[in-house]
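Protein chains get the first letters and strands the later ones, always in sequence-line order, with residue 1 at the start of each.
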Amino acid sequence: MIKAIRGTRDILPPASALWNHVESATREVCRGFNYHEIRTPIFEETALFARGVGEDTDIVSKEMYTWEDRDGTSITLRPENTASVIRAYIEHRLDQIPGLKRLYYIGPMFRRERPQKGRYRQFSQIGAECIGSESPLIDAEVIELSLEILSRCGVQNPHLLLNSVGCKECRPKFVQALRERLQDVKGQMCQDCQRRADTNPLRVLDCKVPEDQNIIDSLPSILEYLCEPCAKHFETVKGHLEARGIDYEIRSRLVRGLDYYTRTTFEVTHGALGAQNSILGGGRYDGLAESLGSRVAAPGIGFSIGEDRLVMAIEEHVKGEELARLDVFLIAMGDPALKHAAVLAQELRRGGASVELSADQKVKRAMETANKLGARYALILGDNEIAAGVYALKNMATATQESLTREQLSAALSRRQDVVHHD
RNA sequence: GCGCGUGUAGCUCAGCUGGUAGUAGCGCCAGAUUGUGGUUCUGGAUGUCGAGGGUUCGAAUCCCUCCACGCGCCCCA
């Protein structure tokens, strides 16, 4: 039997209801911030990611799904979406349209890594980008948006980590200083760090080996090397976050894996996600457009949320079963009742209720089914009801049943709907 | 890509040092006088023991390879 390939998975009901919940909450929040959806292709020319994300990153050097198209073009399934968004921005000259471009996206990304909990080869990201401004006010807005999405989706206790990685003026000076310092101390560090000290000194800062922490604490901090404009930018971002009542922790060791980041970088972690505790990552990318070969500047900042991890973070207390619960299981007995019931089902659905018409006319069997489906109500329609012009509505949880007129029925169900929709 | 671990009915698992799978729990199906479920009772179905190969008279149990999943590393969402 053929199975889903490694690192991919099916999302079935009722779990899929959680994904819908997350996505509709996202869309609502984005609309509130005036961010609008952009849909870019799932595959692009390989060069876009190589140049955008960076040749030396792990993503580009070993994690992309790349193949040669029939005309010889190298094509890659997108491993992330920011490069595509910037490409679209430039391609469609969105800089010529008034106002900043506030965009969001939801969709699958592909990276060929070893799958484990919270890491898949096809995974979904929810992201947003604000393009066209270098203002630190925008940094705060984007961070606020990201946290608001998490909050509205039901994530509890997110922890925001904040840093600045400087710009192309000041970061090289820091890397140089770090490299020099590491030459003196790397002998006392773990094997990995000894290797990183030469290959990618910034990565040393991310080391989690307990014995290395004291040494890492003694290493130079990027924040001490920020140039005047970068330092000022960072201070202003912090001020705007505080004005918004957003708590953050400065984590000068926070280095992100994509080459395009400049100045502000941030990450949100969440407990109980295992080794992949990062639920959201983002940062500013003022030089990205230029590195894609654009003559048009497109400074911006954005983030992406791991949707799989977001769902994982909320599934303890947000239940798909509840979100997907059937409102009404409609039991009709006899042919006239069945036809009457079909029309009633139409009306109730138009009123916003979910309604399943029982395929079984035996009340006992149908009630069993209603119970197994977890329906909120069983609605019974037989000769007695038709003769009396009423409907028998049974609350499955309380086992209470009442005879209602058509109007009373609508009222009873719409009251219920309000509750449902607020969750 | 590397290391460790796991893989038995739909799900959770039992199966001791190899002898040919379990009255297991939950679920599922059918019944207990035909307009009422969830608790009860009775009966029933279901597994190529992850896949392939090897050792053996004989393997779910030992060995090899592969696959999937979990944990960690690397890295990231």
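- For the side chain to side chain contact (heavy atoms under 4.5 Å, CB included) with A/Val268, the qualifying choice from A/Leu147, A/Val155, A/Ile305 is A/Leu147, the only one to do so.
- The same atom, C1', is picked in B/G22 and in B/U8; the two are 10 Å apart, to the nearest Å.
- Taking atom C1' on both nucleotides, B/U56 is separated from B/G18 by 9 Å, rounded to a whole Å.
- Ion pairing between A/Glu249 and A/Arg251 holds under the 4.0 Å rule for side-chain N and carboxylate O.
- Out of B/A77, B/U36, B/G37, the shortest distance to the side chain of A/Ile380 is found at B/U36.
- Taking atom CD of A/Gln361 as the reference point, atom P of B/U36 lies 15 Å away to the nearest angstrom.
- A distance-only check finds no donor-acceptor pair linking the side chain of A/Ser294 to the backbone of A/Glu290 [under 3.5 Å].
- Taking every side-chain heavy atom of A/Arg119 into account, B/C75 is the closest of B/G37, B/C75, B/C69.
- Across the C1' atoms, B/A68 and B/A30 are found 36 Å apart, a figure rounded to whole Å.
- In this structure, A/Tyr120 places its OH atom 11 Å from C1' of B/G70, rounding to the nearest Å.
- In this structure, the salt bridge (Lys or Arg N to Asp or Glu O under 4.0 Å) partners of A/Lys339, at least two apart in sequence or on a different chain, are A/Asp335.
- The distance between atom CH2 of A/Trp19 and atom C1' of B/A77, rounded to the nearest whole Å, is 11 Å.
- Using a distance-only test at 3.5 Å, with no hydrogens or angles considered, no donor-acceptor pair links the side chain of A/His270 to the main chain of A/Arg309.
- The residue A/Ala378 sits apart from the nucleic acid: no heavy atom pair falls under 4.0 Å.
- The shortest distance between side-chain heavy atoms of A/Phe174 and A/Leu226 does not fall below 4.5 Å.
- Put simply, the side chain of A/Asp383 and the base of B/G35 share no donor and acceptor less than 3.5 Å apart.
- With hydrogens and angles left out, the side chain of A/Arg114 and the base of B/C71 share no donor-acceptor pair within 3.5 Å.
- Checked against B/G70, B/G37, B/C76, the side chain of A/Arg111 finds its nearest nucleotide in B/C76.
- Shown are A/Asn163, A/Leu254, A/Ile222, A/Leu219; of these, the side chain to side chain contact (heavy atoms under 4.5 Å, CB included) with A/Leu205 is made only by A/Leu219.
- Closest of all the heavy-atom pairs between A/Asp360 and A/Ala366 is O-CB, 3.7 Å.
- Scanning residues 362-375 of chain A for heavy-atom distances under 4.0 Å to RNA chain B yields A/Val363, A/Lys364, A/Arg365, A/Met367, A/Glu368, A/Asn371, A/Lys372.
- Atoms CG (A/Leu205) and P (B/C74) sit 14 Å apart, rounded to a whole Å.
- By the ring pair (Phe, Tyr, Trp, His ring centres under 6.0 Å) test, A/Tyr104 pairs with no residue at all, sequence neighbours left out.
- Judged by distance alone, with hydrogens and angles left aside, A/Glu385 brings a side-chain donor or acceptor within reach of the base of B/G35, the pair sitting under 3.5 Å.
- The side chain to side chain contact (heavy atoms under 4.5 Å, CB included) with A/Ile301 is formed by just one residue from the set A/Glu141, A/Arg284, A/Glu134; it is A/Arg284.
- Comparing B/G1, B/G35, B/G38 by their nearest atom to the side chain of A/Arg112 picks out B/G1.
- As a whole-Å value, the separation of A/Lys62 NZ from B/C75 P is 7 Å.
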- prompt: Could you walk me through whether A/Asp327 and A/Arg349 pass the salt bridge (Lys or Arg N to Asp or Glu O under 4.0 Å) check?
  reply: CA-CA 10 Å; A/Asp327 293 317; A/Arg349 287 179 186 129; over 6 Å; no
Contacts table for residues 392-399 of chain A: side-chain donor-acceptor under 3.5 angstrom, sequence neighbours left out:
unit_1	atom_1	unit_2	atom_2	d
A/Asn395	OD1	A/Ala397	N	2.9
A/Asn395	OD1	A/Thr398	N	3.1
A/Asn395	OD1	A/Thr398	OG1	3.4
A/Thr398	OG1	A/Thr400	N	3.4
A/Thr398	OG1	A/Thr400	OG1	2.8

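- Checking the phosphate oxygens (OP1, OP2) of B/G72, a side-chain nitrogen or oxygen of A/Gln116 falls inside 4.0 Å.
- OP1 or OP2 of B/A68 has not a single side-chain nitrogen or oxygen of A/Arg9 nearer than 4.0 Å.
- Note on A/Gln401: a base of the nucleic acid sits closer than 4.0 angstrom, heavy atoms only.
- B/C64 and B/C4 have their P atoms separated by 12 Å, given to the nearest Å.
- The P atoms of B/C57 and B/C41 are separated by 50 Å, rounded to the nearest whole Å.
- As rounded to the nearest Å, B/C67 and B/U20 have P atoms that lie 33 Å from one another.
- B/G37 sits 22 Å from B/G44 when the C1' atoms are compared, rounded to a whole Å.
- Counting to the nearest Å, the P atom of B/C74 and the CG atom of A/Asn277 are 13 Å from each other.
- B/G38 atom C1' lies 13 Å from atom CG of A/Asn395, rounded to whole Å.
- Screening A/Arg111, A/Glu307, A/Arg9 for a side chain to side chain contact (heavy atoms under 4.5 Å, CB included) with A/Phe123, the sole residue that qualifies is A/Arg111.
- At a cut-off of 3.5 angstrom, the base of B/A77 holds at least one donor-acceptor pair with the side chain of A/Glu113.
- Counting only heavy atoms from C-beta on, A/Gln125 has its side chain closest to B/A77 among B/G38, B/G1, B/A77.
- Secondary-structure annotation of RNA chain B gives the stems B:1-7 with B:67-73, B:10-12 with B:24-26, B:28-32 with B:40-44, B:50-54 with B:62-66, with a stem taken as at least 3 successive Watson-Crick or G-U pairs whose two distances both fall under 3.5 Å.
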message: For A/Arg152 and A/Glu148: C-alpha separation, side-chain torsions, deciding distance, then whether salt bridge (Lys or Arg N to Asp or Glu O under 4.0 Å) applies.
response: CA-CA 6 Å; A/Arg152 284 278 271 285; A/Glu148 188 63 20; 3.6 Å; yes
What's touching nucleotides 42-45 of chain B from the protein side, N or O pairs under 3.5 Å?
none

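- Nucleotides B/C69 and B/A51 have their C1' atoms positioned 15 Å apart, rounded to a whole Å.
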